[in-house]
Amino acid sequence: MEQPLNRDELLMLLDTTNGACRAARAALADNGQFTIWDGDVPASELATTYGRRLRLTTKQGARTQALLQTVNTLNSLDQSPIRLGSITSADRTWTYILFLTQDATEVIACTGVRRRESEDD
């Protein structure tokens, strides 16, 4: 399946946004893997889902970037259609979720979560 954006286009979209988006951009520029999924989800549904993730990651002490800001942004968008994407850093230590406009021409929000370290680390 063809991506709606290529790597360079996505790098440009991530260039001037929040800290998590800057970190996602750096991960992508450093050979991170990315995908933009087909379809869209109402912002209100994503706000509920990521609100739960915020509570869970806070409880677990997981490191996140801009998760509260992302939830607040999604809450403000009500039923607006949001397209999702992700970037995983080349070393697989961080995963970034991208929230884009339906036509994938603008990044609305980004959040990052540090993957759990294995017990061998």
Side-chain angles (χ1 to χ4, degrees):
M1 174 175 25
E2 188 175 322
Q3 292 283 352
L5 296 170
N6 67 38
R7 183 177 296 270
D8 290 335
E9 291 168 332
L10 185 54
L11 283 167
M12 287 178 58
L13 289 180
L14 291 166
D15 195 30
T16 60
T17 51
N18 75 30
C21 288
R22 282 193 299 275
R25 184 183 193 283
L28 185 61
D30 192 33
N31 222 18
Q33 296 299 308
F34 78 100
T35 191
I36 306 295
W37 288 286
D38 287 332
D40 55 68
V41 181
S44 60
E45 289 182 26
L46 293 170
T48 299
T49 299
Y50 284 86
R52 286 185 193 123
R53 289 186 184 181
L54 175 61
R55 289 186 296 276
L56 181 62
T57 57
T58 300
K59 182 178 178 182
Q60 293 175 340
R63 288 183 54 197
T64 63
Q65 294 180 1
L67 185 51
L68 176 59
Q69 179 183 0
T70 296
V71 170
N72 290 339
T73 298
L74 293 169
N75 273 319
S76 73
L77 295 172
D78 195 34
Q79 296 298 309
S80 297
I82 304 295
R83 191 165 191 171
L84 292 169
S86 73
I87 297 171
T88 301
S89 62
D91 64 4
R92 304 187 57 78
T93 57
W94 283 89
T95 298
Y96 301 93
I97 302 299
L98 314 178
F99 302 84
L100 300 105
T101 54
Q102 188 176 26
D103 61 1
T105 59
E106 183 181 347
V107 175
I108 297 167
C110 281
T111 186
V113 64
R114 184 168 174 85
R115 295 172 54 107
R116 290 184 190 186
E117 296 176 14
S118 71
E119 292 183 20
D120 296 334
D121 290 345

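No hydrogens, no waters, no symmetry mates; every other heavy atom, side chains included, goes into these values.
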Next item on the list: Kindly write out the residues that satisfy side chain to side chain contact (heavy atoms under 4.5 Å, CB included) with Thr58, not counting sequence neighbours, or none if the list is empty.
Entry: Leu54
Item checked: Where Glu9 and Pro4 come nearest, the two heavy atoms and their spacing -> OE1-O, 4.1 Å
Notebook entry, point to check: Out of curiosity, Thr35 OG1 to Leu5 CG, how far, rounded to the nearest 0.5 Å?
Noted result: 10.5 Å
Next item on the list: Find the distance between CD (Gln65) and CZ (Arg114) and round it off to the nearest 0.5 Å.
Entry: 10.0 Å
Note to self: In this structure, would Ile82 and Val113 fall into the same cluster of hydrophobic residues linked by side-chain contacts under 4.5 Å?
What the structure shows: no
Checklist line | Heavy-atom pair of closest approach, residues Leu11 and Ala29 | finding: CD2-N, 3.8 Å
Check: Taking all non-hydrogen atoms of both residues, which atom of Ala24 and which atom of Ile87 are closest, and how far apart?
Finding: O-CD1, 3.7 Å
Note to self: Which heavy atom of Tyr96 sits nearest to which heavy atom of Ala23, and what is that distance?
What the structure shows: OH-CB, 3.6 Å
Next item on the list: Treat each ILVMFWY residue as a node, draw an edge where side-chain heavy atoms are under 4.5 Å apart, and state whether Leu10 and Leu84 are in one component.
Entry: no
Note to self: For a quick test of reading the model, state the closest non-hydrogen atom pair linking Asn6 to Phe34 and the distance between them.
What the structure shows: C-CZ, 3.9 Å
Item checked: Any donor-acceptor pair under 3.5 Å from Thr101 side chain to Glu106 backbone -> yes
Note to self: What's the separation between atom CZ in Arg22 and atom CG in Leu14, rounded to the nearest 0.5 Å?
What the structure shows: 11.0 Å
Check: Same cluster or not: are Ile97 and Leu77 linked, directly or through other Ile, Leu, Val, Met, Phe, Trp or Tyr residues, by side-chain heavy atoms under 4.5 angstrom apart?
Finding: yes
Check: Under 3.5 Å, side chain of Arg83 to main-chain N/O of Asp103, donor-acceptor pair present?
Finding: no
Note to self: Suppose we screen for side chain to side chain donor-acceptor pair (under 3.5 Å). Which residues come up paired with Asp91, at least two apart in sequence or across chains?
What the structure shows: Ser89, Thr93
Item checked: Backbone N/O of Cys110 and side chain of Thr70: donor-acceptor pair under 3.5 Å -> yes
Check: Of the non-hydrogen atoms in Thr111 and Ala20, which two are nearest, and what is the gap between them?
Finding: CA-CB, 4.1 Å
Check: Should the heavy atoms of other residues, nucleotides or ligands under 6.0 Å from CD of Gln33 be counted, would the total exceed 12?
Finding: no
Margin query: To the nearest 0.5 Å, what is the distance between CZ on Arg52 and OG1 on Thr48?
Written below: 6.0 Å
Notebook entry, point to check: Who are the salt bridge (Lys or Arg N to Asp or Glu O under 4.0 Å) partners of Arg53, not counting sequence neighbours?
Noted result: none
Notebook entry, point to check: With the 4.5 Å side-chain cut-off for hydrophobic clustering, are Phe99 and Ile36 part of the same group?
Noted result: no
Notebook entry, point to check: Is there a donor-acceptor pair under 3.5 Å between the side chain of Arg115 and the backbone N or O of Arg92?
Noted result: yes
Note to self: Working to the nearest 0.5 angstrom, can you tell me the gap between Gln69 CD and Leu74 CG?
What the structure shows: 10.5 Å
Item checked: Between OG1 on residue Thr57 and CZ on residue Arg63, distance to nearest 0.5 Å -> 12.5 Å
Note to self: Please determine whether residues Val71 and Val41 belong to a single hydrophobic cluster, defined as Ile, Leu, Val, Met, Phe, Trp and Tyr linked transitively by side-chain heavy-atom distances below 4.5 Å.
What the structure shows: yes
